**Student:** 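Following this message is one structure expressed as structure tokens.
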Number of protein chains: 2
Amino acid sequence: MSDRTVRGRLEVTCRNCSLMRLCIPSGLTQQEIEHLSRLVIGKKTLQRGDYLYRKGGKFRGIFAIKAGTAKLVTYDLHGNGYVTGLLLPGELLGFDAFAADRHECSAIALETVRYCELPADRLDELCREVPKLLRELFRHASAKLYGETSQVVLTKRTADERVATFLLDISRRLQVRGFSALEFRLSLTRQDIGNYLGLALETVSRILGKFADEGLIGVHSKHVRIFKQEALQAICTGSAELPSA
Amino acid sequence: MSDRTVRGRLEVTCRNCSLMRLCIPSGLTQQEIEHLSRLVIGKKTLQRGDYLYRKGGKFRGIFAIKAGTAKLVTYDLHGNGYVTGLLLPGELLGFDAFAADRHECSAIALETVRYCELPADRLDELCREVPKLLRELFRHASAKLYGETSQVVLTKRTADERVATFLLDISRRLQVRGFSALEFRLSLTRQDIGNYLGLALETVSRILGKFADEGLIGVHSKHVRIFKQEALQAICTGSAELPSA
DNA sequence: CGGAAACTTGAAACCTTTCAAGAGTCGTGG
DNA sequence: CCACGACTCTTGAAAGGTTTCAAGTTTCCG
């Protein structure tokens, strides 16, 4: 069953994709996944700084990140950029173009990125053949909607809470994908993190430093270790500071 | 063709709904709209403070507001509420429950509200019969996603910009629905506006007062008139203050 | 008409930003 | 392999916008 070699090379399909259970196919049957596989464009590679798509660009399809990370950036009338999202391996992007058929934001690789593509021009075709697909996509979009709402709420909280929540959010999402939850690399710069959280980059640096001083985390440039998850959790929920151990 | 009377009374359907072009059916054919009409539950009425649905409640369907306004509120672990949205007549809500089949926020009537319901249990049925429907719903959800993103960006701007943007956003949305764009009633309290924009209620009051002093708007309790739209627009985009006329 | 809720306004307190300078990191090339 | 330059990050001190606290006024509704 694992002989899916086409034109002599190993073909990566949704079926043997390590992210299968986390990506679009979750919720589909084996047969439906097989169907999907044939239409998905396999892994492409981009380098740091490359665009997956640009704001205003035509909708090409839904992307799934296989490896690496990317950021979502919107721009206002003055050309100021706002980081609105961070995409980790196994996550989907491109939904912002569904309404207007044009992207509302740009997606930029933060390091070498490999990704799959579910081409827009085959979406209709595929939705006919796999009725459940659109519903699945909808589910993903809806989940993203909730994510954005959470983001809105987060921006109303204090700087400490925002940074703590940011760290734990990444931690949790990495864990779901099978990566280490307690040690990871921040692919965003302090500037980008600040922009994302609505804080000055100096504030991010300061708070990260403070958390490190308090022994909650370890920070070395972009490398982060989480030592006291519960303490961070307590900060997130705005609880009183835990007594210094 | 206008004899759609059932059981002796005039039946309100999507077909003769004044909001037709703004609601779900936009993008569907006459025949498809007819189909949709049969499954939609007609106008229901709620009073100020009543819930359209509650956070955690099971997904009952997509709602369309016919008259009145409502607010969306999420709650954190401590029970603090966060206003995440304001719904005007002709707008849809309920998408937040699509992912988990449970609502991520509560929807509360701000005054007497009449609304239609596209029941969840008939959604599947209808999506089969009207293939384009799910896609249309998706389009709506995607648009809401962009709205949330805009909200995130907005929360990173100054208090003046937030309030000005808030006023113009309502103005624009009312205009689309055929209401007066320059004179309307703020159904949210200062508290709710502040919560929505991430500001203290006093700050909202002060800025509204300032705008009024500067002759940009007229404010009388919840009643608002916009006098200088361009000036507000200039504030939104963070441009320099216009010279006092 | 009376009471509760909503709104306004002032002044002090506070958190975050801004400005500024220096240290660290990374990639390239001598 | 180390030096150089660009970029990123850290840290301090002052400035500034919002919030908080407080008191008074207005609006709404029974």
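Excluded from the calculations below are hydrogen atoms, water molecules and symmetry mates; all remaining heavy atoms, backbone and side chain alike, are included. Computed from a predicted structure; not experimentally measured. Lettering follows sequence order; numbering is per chain, from 1.
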**Student:** Rounded to the nearest angstrom, tell me the gap between atom CD in B:Glu111 and atom C1' in D:dC29.
**Tutor:** 16 Å

**Student:** CG of B:Asn195 versus P of D:dT19: gap in Å, rounded?
**Tutor:**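 So the CG-P distance, B:Asn195 to D:dT19, works out to 12 Å.
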
**Student:** Under 4.5 Å between any side-chain heavy atoms of A:Leu208 and A:Ile217, yes or no?
**Tutor:** yes

**Student:** Between A:Asp213 and A:Lys210, is there a salt bridge with N-O shorter than 4.0 Å?
**Tutor:**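 No salt bridge links A:Lys210 with A:Asp213.
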
**Student:** Less than 4.0 angstrom from a charged side-chain N to a carboxylate O is my criterion; do B:Glu148 and A:Lys144 meet it?
**Tutor:** no

**Student:** Expressed as a whole number of angstroms, how long is the span from A:His223:NE2 to D:dC9:P?
**Tutor:**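 These atoms are roughly 15 Å apart.
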
**Student:** What is the distance, to the nearest angstrom, from the CZ atom on B:Arg48 to the P atom on D:dT27?
**Tutor:**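 Interatomic distance, CZ of B:Arg48 to P of D:dT27: 16 Å.
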
**Student:** Given atom NZ of B:Lys156 and atom P of D:dT18, what is their separation to the nearest angstrom?
**Tutor:**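 After rounding, the gap between these two atoms is 17 Å.
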
**Student:** I'd like to know if the side chain of B:Asn195 and the backbone of B:Gly81 have a donor-acceptor N/O pair within less than 3.5 Å.
**Tutor:** yes

**Student:** Summarise how protein sits on nucleotides 7-23 of chain C as a single string, 5' to 3': B when a protein heavy atom is under 4.0 Å from the base, S for sugar-phosphate-only contact, - for no contact.
**Tutor:** SBBBB----SBBB----

**Student:** Between P on D:dT10 and NZ on A:Lys210, what's the gap in Å once rounded to a whole number?
**Tutor:** 15 Å

**Student:** Answer yes or no: does atom CZ of A:Arg21 have more than 12 heavy-atom neighbours from other residues, nucleotides or ligands under 6.0 Å?
**Tutor:** no

**Student:** Could you tell me whether a side-chain N or O of B:Asp50 sits under 3.5 Å from a main-chain N or O of B:Ala109, the two making a donor and an acceptor?
**Tutor:**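 No: the side chain of B:Asp50 does not pair with the backbone of B:Ala109.
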
